[in-house]
Amino acid sequence: MLKIYNTLTRSKETFTPRVAGKVGLYVCGMTVYDYCHVGHARVMVVFDTVTRYLRYLDYEVTYVRNITDIDDKIIHRANENGEDFYALTERFIDAMHEDEHALFVLPPDHEPRATSSIAEIIAMIEKLIERGFAYIGKNGDVFYAVEKFKDYGKLSGKNLDDLQAGERVDIDLAKRNPMDFVLWKMAKAYEPSWQSTWGNGRPGWHIECSAMATCCLGNHFDIHGGGMDLQFPHHENEIAQSEGATGEKFVNLWMHNGFVRINEEKMSKSLGNFFTVREVLKEYRPEVIRYFILSSHYRSPLNYSDESLKDAVSGLTRLYTALRDVEIIQSDIEVEYKQRFEQAMNDDFNTPVALSVLFDLARELNKTKSPALATTLKYLASFLGLLQENADNFLQGETDDNAAIETQIQARIDAKLAKNWALADQIRDELKAQNIILEDSPDGTTRWRRE
RNA sequence: GGCUGCGUAGCAAAGCGGUUAUGCAGUGGCCUGCAAAGCCAUCUAGAGCGGUUCGACUCCGCUCGCAGCCUCCA
């Protein structure tokens, strides 16, 4: 029985989909004005793993992850670059897809874009005005009147009286209440804009998700996810907009993943302390990043450091080493490990425990070299998006000097047969200096891997 | 000021009211010409103070420390 932590109730709940056997899942994706950093990678990997596991449980999942391709930052960045905003977002959408692909993240079923959903956005705003939740401000912008929505704050545990307006941003005098937020923003000269009854403008930050989510998954769906920092105001506002416009409950279960941190501080663009996925990929294999992300529970903080990534390399090396030279037969799965794996994942997607099951499997596999255990290991790991490479590929890496290495290994085997230990050790040391580690087998053959 | 979380061994990271988490590192052994890998054994825990309990790392309270949110943010 799958249990998932619901931010709305602050507790783990037994997961019951609205329609038996089917799950609608919406995740807030990127605002595309720059490359994805490790924090974005966490969202992609976590919800990819959630989707894989839901499918493993035989749910028919509709996974929607949007792209926000119009907002102030995009406009600002495009101006800085002197390029059309659409060219900018196209570029970074492509880059995002490359990063996603590298990290073994399966594409979502739908990837709606804000700029392709303008009609739906306008329709929702009209509905909100009609139902009395929205008004036209003194500057012509359309605002959401938070006081009109009785449950405002139910997700983030805030109430309007406690919120300190103007904490970080100047109070906008065009609003009736400082907490009101923009639904439709009037365009300044030369800004990208779309026609509406309120004039040429563009959608505010939160409305695009309400429109795209209800459009793709219906007014009421099962799971909505995203980073913890979206809880307030973004997700709170999504609830206010969607429930205000439709009169129906928006989402049953809210999932929020924790932050990636650097030196006990949140990795973020504004702090400038971020590493992009492509930067990290220059140093580490993609699977290392994925393992690193899954080695901590999705709601816990994840501390980014060179050491953590090296730990991930060690862990993966151990698992792949166990898989080396064992036949994978697509048949029998060891039930005991399968059950332990499920138990871990059923407990709010506890990937660290699921990984520990894989390590227990690896130990047993090292002892017995049983094909059934190897099959089980690879099978279970597939739902984490791990261990799907050929073991030697992972351990040796793709290189062009493999032939030279093999030649030296053969020379060493000859030396060993002649009991010329000095030469044998010299060859081994030379290879070690190139980070090539040799491992002799009892049958006289020698294997190698890259350190 | 309001609201969330968190504090576990050398490092990373989980579950659990009483029984080995797991990975890396360390130590001892087996294996090996010697190594490496692997296997076996083993040492380091639960911020502090109270309370509940036969028994608490696990539940409750307080204190201290850390992180996050309060319209940039995944």
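Nearest to the side-chain atoms of A:V43 among the listed nucleotides B:G23, B:A74, B:A14 stands B:A74. Across B:C34, B:G33, B:U22, the shortest atom-to-atom separation from the side chain of A:R428 is found for B:C34. Of the candidate nucleotides B:C72, B:C73, B:A21, B:C73 has the atom nearest to the side chain of A:S268. For A:R449, the side-chain atoms get nearest to B:A36 when compared with the rest of B:A36, B:A74, B:C34. Closest approach to the A:R412 side chain among B:C69, B:C11, B:C34 is made by B:C34 (side chain taken as heavy atoms from C-beta onward). The side chain of A:R363 lies closest to B:C40 when the candidates are B:G33, B:C40, B:G68.
Atom-to-atom, CG of A:D34 to C1' of B:C72 comes out at 13 Å; the value is rounded to the nearest Å. Here B:G23 presents its C1' atom at 14 Å from CG of A:N366, a figure rounded to the nearest Å.
Taking side-chain N and O atoms only, A:K266 has a distance below 4.0 Å to OP1 or OP2 of B:C69. Residue A:K367 places at least one side-chain N or O closer than 4.0 Å to OP1 or OP2 of B:C40. Applying the 4.0 Å criterion to OP1 and OP2 of B:C39, one finds that A:R318 has a side-chain N or O inside that range.
Classification of A:E389 and A:R285 as a salt-bridged pair holds, one side-chain N sitting under 4.0 Å from a carboxylate O.
A:N350 comes within contact range of the sugar-phosphate backbone alone, with a heavy-atom separation under 4.0 Å but no base atom that close. At a threshold of 4.0 angstrom between heavy atoms, the contacts of A:E264 are confined to the sugar-phosphate backbone, with no base atom among them. Across all strands shown, A:M44 has no heavy atoms under 4.0 Å from either base or sugar-phosphate atoms. Across all strands shown, A:K73 has heavy atoms under 4.0 Å from base atoms, whether or not it also approaches the sugar-phosphate. Heavy atoms of A:L438 sit under 4.0 angstrom from at least one base atom. Using a 4.0 Å heavy-atom cutoff across all strands shown, A:N159 reaches no nucleic acid atom at all. Residue contacts shown for A:S300 are limited to sugar-phosphate atoms, with no base heavy atom under 4.0 Å away. Base contact: A:G39 has a heavy atom under 4.0 Å from a base atom.
For the pair A:K158 and A:F232, the cation-pi criterion (under 6.0 Å, within 45° of the ring axis) is fulfilled.
Tested against A:K416 for a side-chain hydrogen bond (donor to acceptor under 3.5 Å, both in side chains), the candidates A:D425, A:D440, A:T446 yield a single pass: A:D440.
The nucleotide B:C31 finds no pairing partner, because no Watson-Crick or G-U wobble arrangement with both distances shorter than 3.5 Å includes it. B:C66 is paired with B:G5 under the Watson-Crick or G-U wobble criterion, all donor-acceptor distances under 3.5 Å.
A donor-acceptor pair shorter than 3.5 Å can be found between the side chains of A:Y135 and A:D180.
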List the steps, then state whether ring pair (Phe, Tyr, Trp, His ring centres under 6.0 Å) holds for A:F383 with A:Y56.
-> CA-CA 7 Å; A:F383 301 105; A:Y56 167 85; 4.4 Å; yes
